[in-house]
Amino acid sequence: MFSKPSTAKIDFFSQLLQHIDHPVCVINSSYKIEKCNLAFDQTFPPTSILNSSLFSNKLLHESLSQVWEGQTVQYISELENQIFELKLSPLHNAGETFGLIQFFPKSTQTFDSEQALQYKYIVDHIHEVLFQTDALGNWVFLNQAWSDIFEYTLEESLGRPFYEFLHPEDVRKNELLFAPLINQQKSYCKHIIRYISKSHKIKWIEVFATLVIGRNGEVLGTSGTLRDITNEKENARINTILSHNVQDIVCIHDLEGKYLYVSPSISLLTGYCPEELLGQSHYDFFHPDDKVKIVSIPNSSADSESEARYISYRFRKKNNEYVWIETSVKIFFDDYDICDRMITSSRSIQEHKLVEESMMKSLQREKELNQLKSRFVNMTSHEFRTPLATIRSSAEIIEAYIKLEKSTYNEKITKQLDNIQSEIHRISSLISETLLIGKIESQQLTVHREEVNVIELINFAINRQNQQQKDQRITELEVVGEVPKIWLDPQHFIHILDNLISNAFKYSLGKRNPIISVSSEKNQLEIQIKDFGIGIPLTEQGKMYSSFFRAKNVGIIEGTGLGLVIVKNLVQLNNGHIYFVSSENQGTTFFLDFTIDQIY
């Protein structure tokens, strides 16, 4: 209790106290006595001071807290079985604040009835139980709060052992918790224990107790307070149940977004433990594209009476994946911290978003199909009308030539028959490609893989395409190294080559011969089909695999816009990869990659 003050302090306090005849002491902010006068020593023997509850007295302790703030406090209290009027004043010396406590003894006569009533009123209206026991643990003093909380009258309780009111299961626990105090190993004890009320209700009680020491150092009993925390316990239990069983994530943030509280349900959805998020800003976990929506919430909900706002966004989980979350945000005023806070309640809307995205994709797909139908109608109305008109015209001319019955027209008749055959082939190709697209779209196209000689198939396709070229151009073939056999569908492969070689000729009229290059390296076969024709405009290269799409620079060159769609699907069905490089008016190169030793 006594500390060793500096010489300056001793001189100052000695001069201050030397002529005061009532008990006076000076106490520091650590509640240790710096100096006291003779009257104090005579009234409160050092042994009594060191072991009594004098400085554990709640009212005295709270009053000293006011003294440290520069206030003077005065009241009447009972200490060491005597009535005193206490006056507590702040003292300042050498930059420190001390408390000057003056004890003015009051006789029973001077402690008038009005003061007694005031004292009794204060004691009886304190919400905590003030108690005192004798050395055997029997109640010797209880205030009115005891009856209010436990329902027993004071007459029913005084003189009975306190442990009779404990929960039976906590009697032994209470003995162990009190042991250090009884053995004077501690100056006080503070713990939580269960009591049983008169109506058999369990009361959770926070106990604060100190020893009452007699003038000769003997233990006279204990005194202290009992505080009912049953509601706090129940609320804490309910909060725990809710936080551990409600799937919604409940969080409290400051207005800058830092987590102050996070419910355990965060772990199931995001993988984070609550402790990992405390002190961090929730803005750091939002998808960059969603942050703009989030940071505007505090400003748009500035007052505590505003309604909750709902926002949806993507939250970064511990594995760095994102999950869609919907959050309710409400600004509230925290009386405890005396400031504004944000409380949020969040739940996953991942499945909802996936359904929404699926619906959007379906709508987009439907839109594309409508566009596809429109292009198909436009294309077929043109592509079918043109060959049919040609066939009709040719048939009429043939009929006219036959009527003339002149052999000089045989050559012209032959030419018209050739036109009819060409247009019939054109219509047949269009129908075949349309049917093939239908099978691909409905996933009904089958694949029959076998081990094939790639060079033989390429030569077959080249020879067939060379024979169809009226300008006498041919396809040049370059083979780098030895090309092994691979597994794929030969019919698909021929169709792929026919289409790409045909395009190479069709879109490079008047230019040099197309070139096919074949090479193999590291288990991969690569085929390049290169032409030097009109090329594909850069802005339209991303649409080249769309059904019925044709680039704007094809002019009157015949085509359906289905060839590349079919080629791409056939390549993928054979586990290959296709891509192209093109520059307008410079030409186009298509690349085909297949795995060499894959056995199906």
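Side-chain atoms are counted along with the backbone in the values below, which use heavy atoms only and exclude waters and symmetry mates.
- In this structure, the separation between CD1 on Ile249 and OG on Ser348 is 8.5 Å, given to the nearest 0.5 Å.
- For the atom pair Asn28 CG and Leu91 CG, the distance stands at 12.0 Å (nearest 0.5 Å).
- Put simply, the residue from Tyr195, Phe162, Trp139 that forms a ring pair (Phe, Tyr, Trp, His ring centres under 6.0 Å) with Phe131 is Trp139.
- Counting heavy atoms from C-beta on, the side chains of Ser328 and Thr344 never come closer than 4.5 Å.
- For the atom pair Met342 CE and Leu255 CG, the distance stands at 6.0 Å (nearest 0.5 Å).
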Inset, instruction - Step by step, work out the side-chain contact (heavy atoms from CB on, under 4.5 Å) result for Glu128 and Glu206. - result: CA-CA 10 Å; Glu128 296 181 359; Glu206 182 183 72; over 6 Å; no
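- Classification of the Phe286-His282 ring pair by plane angle, with boundaries at 30° and 60°, yields perpendicular.
- The shortest distance between side-chain heavy atoms of Ile205 and Ile229 does not fall below 4.5 Å.
- By the neighbour-count criterion of 12 heavy atoms within 6.0 Å, atom NZ of Lys201 is sparsely surrounded, having that number or fewer from other residues, nucleotides or ligands.
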Inset, instruction - Would you check, one step at a time, whether the test side-chain contact (heavy atoms from CB on, under 4.5 Å) holds for Leu100 with Val24? - result: CA-CA 7 Å; Leu100 173 65; Val24 179; 3.2 Å; yes
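- Between Phe315 and Leu269 the shortest side-chain heavy-atom distance does not fall below 4.5 Å.
- Closest of all the heavy-atom pairs between Val262 and Pro274 is O-CB, 3.5 Å.
- With respect to Pro23, the side-chain contact (heavy atoms from CB on, under 4.5 Å) criterion is satisfied by exactly one of Thr43, Ile101, Asp41: Thr43.
- Leu211 places none of its side-chain heavy atoms less than 4.5 Å from the side chain of Leu220.
- Classified by interplanar angle (parallel below 30°, tilted 30° to 60°, perpendicular above 60°), the ring pair Phe178/His191 is perpendicular.
- Between Lys203 and Arg194 there is no side-chain heavy-atom pair separated by less than 4.5 Å.
- Taking all atoms of both residues into account, the shortest heavy-atom contact from Asn37 to His22 is ND2-O, 2.8 Å.
- One distance of note links CE of Met359 with CG of Leu363; it measures 6.5 Å at 0.5 Å rounding.
- A 4.5 Å side-chain heavy-atom check between Asn231 and Lys233 finds every atom pair outside the cut-off.
- A donor-acceptor contact shorter than 3.5 Å is absent between the side chain of Glu34 and the backbone of Ile27.
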Legend entry - Worked verdict on Val219 versus Val212 for side-chain contact (heavy atoms from CB on, under 4.5 Å): CA-CA 6 Å; Val219 176; Val212 177; over 6 Å; no
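- Within a 6.0 Å radius of CD in Glu351, other residues, nucleotides and ligands contribute 12 heavy atoms or fewer.
- Applying the side chain to side chain donor-acceptor pair (under 3.5 Å) rule to Lys318 yields the partners Glu276; only residues at least two apart in sequence or on another chain are considered.
- In this structure the side chain of Asp254 reaches within 4.5 angstrom of the side chain of Leu260, judged on heavy atoms.
- Not one N or O on the side chain of Thr225 forms a donor-acceptor pair closer than 3.5 Å with the backbone of Leu130.
- Considering every non-hydrogen atom in both Val67 and Gly99, the closest pair reads CG1-CA, 4.0 Å.
- In this structure, the separation between CG on Leu154 and CG on Leu142 is 6.0 Å, given to the nearest 0.5 Å.
- In this structure, Lys353 and Trp324 approach most closely via the heavy-atom pair CG-CG, 3.3 Å.
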Inset, instruction - Determine, stepwise, if the pair Cys251 / Ile343 fulfils side-chain contact (heavy atoms from CB on, under 4.5 Å). - result: CA-CA 6 Å; Cys251 303; Ile343 185 168; over 6 Å; no
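- A donor-acceptor pair is defined here as one N or O able to donate and one able to accept, closer than 3.5 Å; no such pair exists between the side chain of Gln572 and the backbone of Asn569.
- Here the closest heavy-atom approach between residue Ser147 and residue Thr153 is recorded as OG-CA, 3.7 Å.
- Listed here is the closest heavy atom pair of Lys87 and Phe104: CB-CE1, 4.0 Å.
- A distance-only check finds no donor-acceptor pair linking the side chain of Thr97 to the backbone of Trp68 [under 3.5 Å].
- Judged by distance alone, the side chain of Asp170 and the main-chain N or O of Leu166 form no donor-acceptor pair under 3.5 Å.
- Distance alone, capped at 3.5 Å, places no donor-acceptor pair between the Asp593 side chain and the His577 backbone.
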Legend entry - Stepwise side-chain hydrogen bond (donor to acceptor under 3.5 Å, both in side chains) check, Tyr313 with Thr327: CA-CA 8 Å; Tyr313 54 92; Thr327 295; 2.5 Å; yes
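- Aromatic rings of Phe165 and Trp146 (six-membered ring for Trp) have centroids within the 6.0 Å cut-off, being under it.
- Checking side-chain atoms of Ser281 against main-chain N and O of Tyr283 turns up a donor-acceptor pair under 3.5 Å.
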Inset, instruction - Quick one: do Ser265 and Ser263 satisfy side-chain hydrogen bond (donor to acceptor under 3.5 Å, both in side chains)? Show the steps, please. - result: CA-CA 5 Å; Ser265 51; Ser263 63; 2.9 Å; yes
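- Listed by chain and residue number, nothing satisfies the salt bridge (Lys or Arg N to Asp or Glu O under 4.0 Å) test with Arg316 (two or more places apart in sequence, or in another chain).
- The neighbour count for Lys258 NZ, taken as heavy atoms of other residues, nucleotides or ligands under 6.0 Å away, does not exceed 12.
- Aromatic ring centroids of His253 and Tyr261 lie 6.0 Å or more apart.
- Under the 4.5 Å side-chain criterion, counting only non-hydrogen atoms from C-beta, His352 is not in contact with Val355.
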Inset, instruction - Output, in order, the C-alpha distance, side-chain angles, deciding distance and verdict of side-chain hydrogen bond (donor to acceptor under 3.5 Å, both in side chains) for Glu151 and Ser199. - result: CA-CA 7 Å; Glu151 304 166 4; Ser199 60; 2.8 Å; yes
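- Ring planes of Tyr259 and Phe285: perpendicular class, angle over 60° (limits at 30 and 60°).
- From Thr270, atom OG1 reaches atom CG of Leu277 across 6.0 Å, with rounding to the nearest 0.5 Å.
- Between the side chain of Asn574 and the backbone N or O of Gly576, no donor-acceptor pair lies under 3.5 Å.
- Partners of Val140 by side chain to side chain contact (heavy atoms under 4.5 Å, CB included), not counting sequence neighbours, listed by chain and number: Gln132, Asp134.
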Legend entry - Stepwise side-chain hydrogen bond (donor to acceptor under 3.5 Å, both in side chains) check, Thr133 with Thr222: CA-CA 5 Å; Thr133 70; Thr222 62; 2.7 Å; yes
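- Within 6.0 Å of the CG atom in Leu176, the count of heavy atoms belonging to other residues, nucleotides or ligands exceeds 12.
- Residue Arg347 qualifies as open at atom CZ: its count of foreign heavy atoms under 6.0 Å is 12 or below.
- Ring centroids of Phe103 and Phe40 are separated by less than 6.0 Å, placing the two rings close together.
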